[in-house]
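One structure is given here, and the rest of the page talks about it.
Heavy-atom basis, side chains included; hydrogens, waters and symmetry copies ignored. By convention in this document, chain letters (A, B, ...) are assigned in the order of the sequence lines, proteins followed by strands, and residues within each chain are numbered from 1. A quick note: this is a predicted structure, and the numbers were derived from the prediction, not measured.
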Amino acid sequence: MASAGRAFQSPKGTRDLYPPDIAVGRHIESAWRDTAINHGFDEINGPTFEHLGLYTVKSGPGIVSELFSFRRAGGDVDYALRPEFTPTLARMYAAQAAALARPTKWFSIGPFFRAERPQRGRLREHVQLNTDIIGDDSPRADAEVVAVAVDILRRLGLTEDDVRVRIGDRTVVGGVLKSCGVAEAKLPEALELLDKRDRLPAEELSRRCEELSLDLGAFDAEAEAEAASDALGSAGASSALGERRRGLAECLDEIGIGGWCDFNLGIVRGLAYYTSTVFEIHEAKGRERAIAGGGRYDNLVELFGGPPTPAVGIAMGDVVLELVLKERQLLTSDVVCQPRPDAFVISAGKKDAQTRFRPLIASLRRDGLHVRHSYRTTHSVGKLLGEAARARARYAVILGDELARGLVVVKDLDEGRQREVPIGELAAALGRRT
RNA sequence: GCGAUCGUAGCUCAGUUGGUUAGAGCACCUGGUUGUGGUCCAGGGGGUCGCGGGUUCGAGUCCCGUCGGUCGCCCCA
């Protein structure tokens, strides 16, 4: 008979997280949350599933095969596990728009789902940070969401030599494309082609360029000139269109992260709803998938029933980020660790020690201390100190013969020093280093 | 959804042209007798060889299917 315990595996593309994995997750999420709060963002969250229509209205019915959708037994409403946060965010903003400050700065951390085959850097369930500024159409807002992402990566130990922010601008690219011969109506198709130009075989790329009457060589030359042009606008044909991009460059320099960023008009992002600025963050040698991606979506809040509202946001997932951090040796045990016990209490085995053992532990816990003890039967102090050290406790508290004088031994497990402490002062003694 | 490749203990892996009761290291547990550290010594638990079928006197080993992992494609939030 098949045992149920063996019959089940975790579903494809999901992760079982054991204590060391949780420690890594907390390390990353703390960096996300603390940094977002430091930058003045308020935390929100939404449901992990939404009405299916929330996603099809924006992306069309083709997206359905890429998400987990379902109906409750006997029901007739279609739901979907959320594949991204932006529609929820736009919905939530639209519902409260009249009461919200301008700009509104929100961040959110939670799980997201997609129904595709897992591969490197991409699972069916992952955790993502979303950081958005709604109601501010200035390049300063674009720079601000990039700054949060950069500060997070810096806090996690990465440098501008490890990761690069690539910034594009769809308006500028559209202008350049038109000047290179692409008809207005063909722009979306041309943007899509640019997004995947590196992944296409050469002959197919040139065939599709021909269809769009796009001269790629001319495009590259002009795009490079635009990207290189300075704030004074010395460049050529598209200098008026590039105004926003140059404003953004100034803002990035002003807040000290210009060195992390490269303008690259080849960056257009796959998603259809971005309106002008788009960005993605990659490992510097381009080794992994994007660590983060985002852009400006000035039409989306209105599409979800709110007032016309400009917005810009960036999303960062945990999977690629963890790969990059691991590769750079930034997830070592000294930086990623499980909660450290304040005390490991040891009974040396005498009757009075045994009597006071559990009440003392309970009392220390009520005082807010993280306290552990052995579940083994041995009272060998040597073995139990070994266990205390393995638990990475700061102090060992030994209940021994001194108990007759109302004292316990407190041993600092890092320094190796120990002293006797009146049992009534134990909690206070454990609250500070000896 | 499509393709390639892999699946032996909690982990990393051995396992001969198919041949008796499937092994090692690490980890875990116990002991080395009564109060001071991750070492050392001895011992122990733990595996339906992912699962299901087939070939064979005999399958961890060969064949088929299936479920997972990994890496690509599609797509990218």
Side-chain angles (χ1 to χ4, degrees), chain A residues 1-3 5-16 18-20 50 54-55 58-60 62-67 80-90 110-124 126 128-130 192 195-196 199-201 268-274 278 280 288-290 292-295 297 300 313-317 319-320 323 344 346-350 353 374-393 395-403 408-418 420:
Chain A
M1 193 178 298
S3 126
R6 290 286 299 210
F8 289 111
Q9 297 171 284
S10 65
K12 181 196 301 220
T14 63
R15 296 172 284 188
D16 291 335
Y18 293 92
E50 291 270 11
L54 188 71
Y55 304 112
K58 189 194 71 185
S59 313
I63 199 167
V64 174
S65 67
E66 283 150 29
L67 35 80
L81 293 180
R82 61 182 183 186
E84 58 164 327
F85 192 63
T86 312
T88 298
L89 177 99
F112 293 87
F113 309 87
R114 54 177 134 234
E116 293 159 324
R117 284 284 288 270
Q119 54 193 299
R120 186 172 178 84
R122 220 169 160 197
L123 300 174
R124 285 186 161 187
H126 66 122
Q128 193 176 75
L129 164 75
N130 279 261
E192 189 198 329
D195 185 47
K196 53 176 64 167
R199 288 170 277 162
L200 288 176
V268 296
R269 304 286 298 159
L271 228 54
Y273 60 69
Y274 291 123
V278 288
E280 52 194 39
E288 306 285 353
R289 290 167 188 285
Y297 49 99
L300 212 54
I314 193 166
M316 185 182 297
V319 180
V320 176
L323 286 172
F344 192 98
I346 291 170
S347 160
K350 293 285 173 51
S374 179
Y375 287 85
R376 297 197 288 176
T377 50
T378 181
H379 290 112
S380 156
V381 171
K383 285 200 185 307
L384 294 173
L385 279 172
E387 188 176 343
R390 259 176 274 125
R392 302 176 48 262
Y395 296 104
V397 174
I398 304 166
L399 308 187
D401 296 337
E402 307 83 356
L403 219 45
V408 295
V409 173
V410 173
K411 176 160 186 167
D412 184 321
L413 291 170
D414 294 334
E415 309 290 331
R417 291 192 305 254
Q418 67 182 53
E420 294 180 348

Given [options], identify the nucleotide with an atom nearest to the side chain of [X].
X       : options                   : answer
P118(A) : rG37(B), rG72(B), rU70(B) : rU70(B)
K411(A) : rC75(B), rU36(B), rA77(B) : rU36(B)
Y274(A) : rU36(B), rG68(B), rA77(B) : rA77(B)

I'd like the [atom1] distance from [M] over to [N], given in whole Å.
N       : M       : atom1 : answer
rG69(B) : rU12(B) : P     : 15 Å
rG23(B) : rU48(B) : P     : 15 Å
rG68(B) : rG25(B) : P     : 35 Å
rG47(B) : rC6(B)  : P     : 27 Å
rU8(B)  : rG46(B) : C1'   : 14 Å
rG54(B) : rU61(B) : P     : 14 Å
rC67(B) : rG53(B) : C1'   : 15 Å
rA4(B)  : rG43(B) : C1'   : 47 Å

Applying a 4.0 Å non-hydrogen cut-off, can you work out what [X] is touching in the nucleic acid: base, sugar-phosphate, or nothing?
X       : value
E192(A) : nothing
G416(A) : base
L384(A) : nothing
Q418(A) : base
A315(A) : nothing
G382(A) : sugar-phosphate
G294(A) : nothing
L413(A) : base

Where does the angle between the aromatic ring planes of Y273(A) and Y297(A) fall among parallel (under 30°), tilted (30 to 60°) and perpendicular (over 60°)?
-> perpendicular
Within this structure, what is the [atom1]-to-[atom2] distance between [X] and [N], rounded to whole angstrom?
X       : N       : atom1 : atom2 : value
R114(A) : rG1(B)  : CZ    : C1'   : 16 Å
F344(A) : rG37(B) : CZ    : P     : 15 Å
E387(A) : rA27(B) : CD    : C1'   : 15 Å
D414(A) : rG38(B) : CG    : C1'   : 13 Å
R392(A) : rG38(B) : CZ    : P     : 17 Å
D195(A) : rC74(B) : CG    : P     : 12 Å
L123(A) : rG69(B) : CG    : P     : 9 Å
K12(A)  : rG1(B)  : NZ    : C1'   : 10 Å

Ignoring hydrogens and geometry, is there a side-chain-to-backbone donor-acceptor pair from [X] to [Y] under 3.5 Å?
X       : Y       : value
R124(A) : E116(A) : yes
R289(A) : R120(A) : yes
R122(A) : V319(A) : no

Reckon R390(A) has a side-chain N or O less than 4.0 Å from the OP1 or OP2 of rG38(B)?
-> no
First encountered from the 5' end of RNA chain B, between L323(A) and F113(A) = L323(A)
First of E116(A) and I398(A) reached from the 5' end of RNA chain B, by closest nucleotide =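 In this pair, the answer is I398(A).
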Could you check which nucleotide pairs with [N] in any of the strands shown, counting Watson-Crick or G-U wobble with both distances under 3.5 Å?
N       : value
rG58(B) : none
rC2(B)  : rG72(B)
rU17(B) : none
rG44(B) : rC28(B)

Should R376(A) and E387(A) count as an ion pair when the cut-off is N to O under 4.0 Å?
-> yes
Side-chain-base donor-acceptor pair under 3.5 Å for R122(A) and rC71(B) | no
Side-chain donor or acceptor of K383(A) under 3.5 Å from a matching atom on the base of rG37(B)?
->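 Such a pair does not exist between side chain and base.
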Any side-chain heavy atom of R82(A) within less than 4.5 Å of one from P111(A)?
->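 The answer is yes; the side chains approach within 4.5 Å.
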Determine whether V408(A) and I398(A) make a side-chain contact, defined as any pair of heavy atoms from C-beta on separated by less than 4.5 Å.
->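 With C-beta onward as the side chain, the pair stays apart.
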For residues A353(A) and L403(A), report the shortest heavy-atom separation together with the two atoms involved.
->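 Scanning both residues, the minimum pair turns out to be CA-CD2, 3.6 Å.
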L123(A) versus G13(A), closest heavy-atom pair with distance |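 For L123(A) and G13(A), the tightest heavy-atom pair comes out as CB-O, 3.3 Å.
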Mind listing the N/O atom pairs, protein and nucleotides 3-8 of chain B, below 3.5 Å?
from   : atom 1 : to      : atom 2 : distance (Å)
rG3(B) : O6     : R117(A) : NH2    : 3.0

Only counting residues at least two apart or in another chain, list the ones meeting ring-ring contact (aromatic ring centres under 6.0 Å, His included) with Y375(A).
-> H373(A)
